[in-house]
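Here the structure is a predicted model, which means the values were calculated and not measured.
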Amino acid sequence: QVQLVESGEGLVQPGGSLRLSCTASLSFRSFYQMAWYRQAPEKKRELVAAITTAGSTSYADSVKGRFTISRSTAQKTMYLQMNSLKPEDTAVYYCNGQNNYDYWGQGTQVTVSS
């Protein structure tokens with residue numbers, strides 16, 4: 001069983017920054033792709049950012065230029081650096097890993113508010 005655990009939840013003011021992390025029980029090389037998703041209240045879950053085993057990254061249009069996805073050299077921790085946060089970024093953020101199956105972390109709450 002592959003386990004993914006997120007951390008970094010918090011309340012931040014608009015314009016502020018947070019860094020989320022996701023730690024895997026195995027190397028991320030076990031996955032074709034790792035990604036961050038988010039789900040705001042009463043909205044569908046959406047892909048925020050993704051990184052492939054080769055290191056290629058992609059971002060949702062809503063976060064381009066503000067968020068950065070990365071992983072540790074050991075490839076057991078993935079990060080989402082979130083800058084210039086907006087109230088609409090408020091959501092539960094989920095770590096996701098894909099191979100032949102779809103693995104999910106438990107989610108971590110990010111609230112952007114004054």
Side-chain angles (χ1 to χ4, degrees):
Q1 178 73 35
V2 176
Q3 295 182 332
L4 304 175
V5 180
E6 302 100 332
S7 64
E9 69 178 16
L11 172 65
V12 63
Q13 295 183 346
S17 298
L18 280 176
R19 189 179 73 164
L20 306 182
S21 64
C22 172
T23 300
S25 58
L26 297 175
S27 170
F28 290 156
R29 292 189 181 276
S30 300
F31 302 102
Y32 305 138
Q33 176 178 279
M34 295 291 295
W36 287 98
Y37 285 74
R38 69 185 181 187
Q39 186 166 16
E42 302 179 356
K43 294 185 177 180
K44 66 180 297 185
R45 188 172 298 184
E46 65 173 342
L47 177 64
V48 176
I51 184 167
T52 70
T53 56
S56 299
T57 59
S58 60
Y59 299 90
D61 288 341
S62 60
V63 307
K64 285 181 179 177
R66 300 189 298 119
F67 291 11
T68 303
I69 188 171
S70 63
R71 60 191 179 195
S72 67
T73 302
Q75 300 190 32
K76 286 193 172 184
T77 303
M78 182 177 66
Y79 303 98
L80 184 67
Q81 178 65 48
M82 304 183 293
N83 299 325
S84 302
L85 283 162
K86 305 174 181 179
E88 51 263 42
D89 294 319
T90 296
V92 177
Y93 284 72
Y94 296 91
C95 180
N96 167 261
Q98 289 183 271
N99 47 33
N100 291 331
Y101 302 94
D102 218 5
Y103 296 92
W104 295 92
Q106 82 285 357
T108 186
Q109 176 70 48
V110 173
T111 302
V112 184
S113 176
S114 299

Practice item. Please step through side-chain contact (heavy atoms from CB on, under 4.5 Å) for the pair S17 and M82, ending with a clear verdict. Key: CA-CA 5 Å; S17 298; M82 304 183 293; over 6 Å; no

**Study point:** Side-chain donor or acceptor of Q33 paired with backbone N/O of A50 under 3.5 Å
**Key:** no

Review point. Between M34 and Y103, is any pair of side-chain heavy atoms under 4.5 Å apart?
Key: no

Exercise for review: Taking the six-membered ring for Trp and the single ring otherwise, decide whether the centroids of W36 and F67 are under 6.0 Å apart.
Suggested key: no

Exercise for review: Please confirm whether the backbone N or O of C95 pairs with a side-chain atom of E6, one donor and one acceptor, at under 3.5 Å?
Suggested key: yes

Review point. Going through the checks in order, is the side-chain contact (heavy atoms from CB on, under 4.5 Å) test met by T68 and Y59?
Key: CA-CA 8 Å; T68 303; Y59 299 90; 3.8 Å; yes

Exercise for review: Would you check if L4 and T23 make a side-chain contact, meaning some heavy-atom pair closer than 4.5 Å?
Suggested key: no

Review point. So do the side chains of S114 and P14 get within less than 4.5 Å of each other, counting heavy atoms only?
Key: yes

Review point. Within 45° of the ring axis of Y94 and under 6.0 Å from its six-membered ring centre, is that where the NZ or CZ of R38 lies?
Key: no

Point to revise | Interatomic distance, S113 atom OG to L11 atom CG [nearest 0.5 angstrom] | key: 6.0 Å

Review point. Salt bridge or not for D89 and K86, using N-O below 4.0 Å?
Key: no

Check your understanding: Run the side-chain contact (heavy atoms from CB on, under 4.5 Å) check on M78 and F31 step by step: do they pass?
Key -> CA-CA 12 Å; M78 182 177 66; F31 302 102; over 6 Å; no

Check your understanding: Is there side-chain contact between E88 and T90, with at least one heavy-atom pair below 4.5 Å?
Key -> no

Review point. Backbone N or O of S30 within a donor-acceptor pair of the N99 side chain at under 3.5 Å?
Key: yes

Review point. In chain order, what residues pass the ring pair (Phe, Tyr, Trp, His ring centres under 6.0 Å) check against Y93, with sequence neighbours excluded?
Key: none

**Study point:** Polar contact flag, side-chain donor to acceptor under 3.5 angstrom, T77-S21
**Key:** no

Practice item. Without swapping roles, check the side chain of Q39 against the backbone of V92 for a donor-acceptor pair under 3.5 Å. Key: no

Review point. Does any non-hydrogen side-chain atom of L80 lie less than 4.5 Å from one of R19?
Key: no

Exercise for review: Give a yes or no on whether V5 and V110 share a hydrophobic cluster (residues Ile, Leu, Val, Met, Phe, Trp, Tyr; joining criterion: side-chain heavy atoms under 4.5 Å apart).
Suggested key: no

Practice item. Look at the side chain of S25 and the backbone N and O of Q3, then say whether any donor-acceptor pair between them is shorter than 3.5 Å. Key: yes

Exercise for review: Please step through side-chain contact (heavy atoms from CB on, under 4.5 Å) for the pair T108 and S7, ending with a clear verdict.
Suggested key: CA-CA 6 Å; T108 186; S7 64; 5.9 Å; no

Review point. What's the spacing between E9 CD and L20 CG if we round to 0.5 Å?
Key: 10.0 Å

Exercise for review: Output the distance between atom CD1 (I69) and atom CZ (R71), rounded to the nearest 0.5 Å.
Suggested key: 9.0 Å

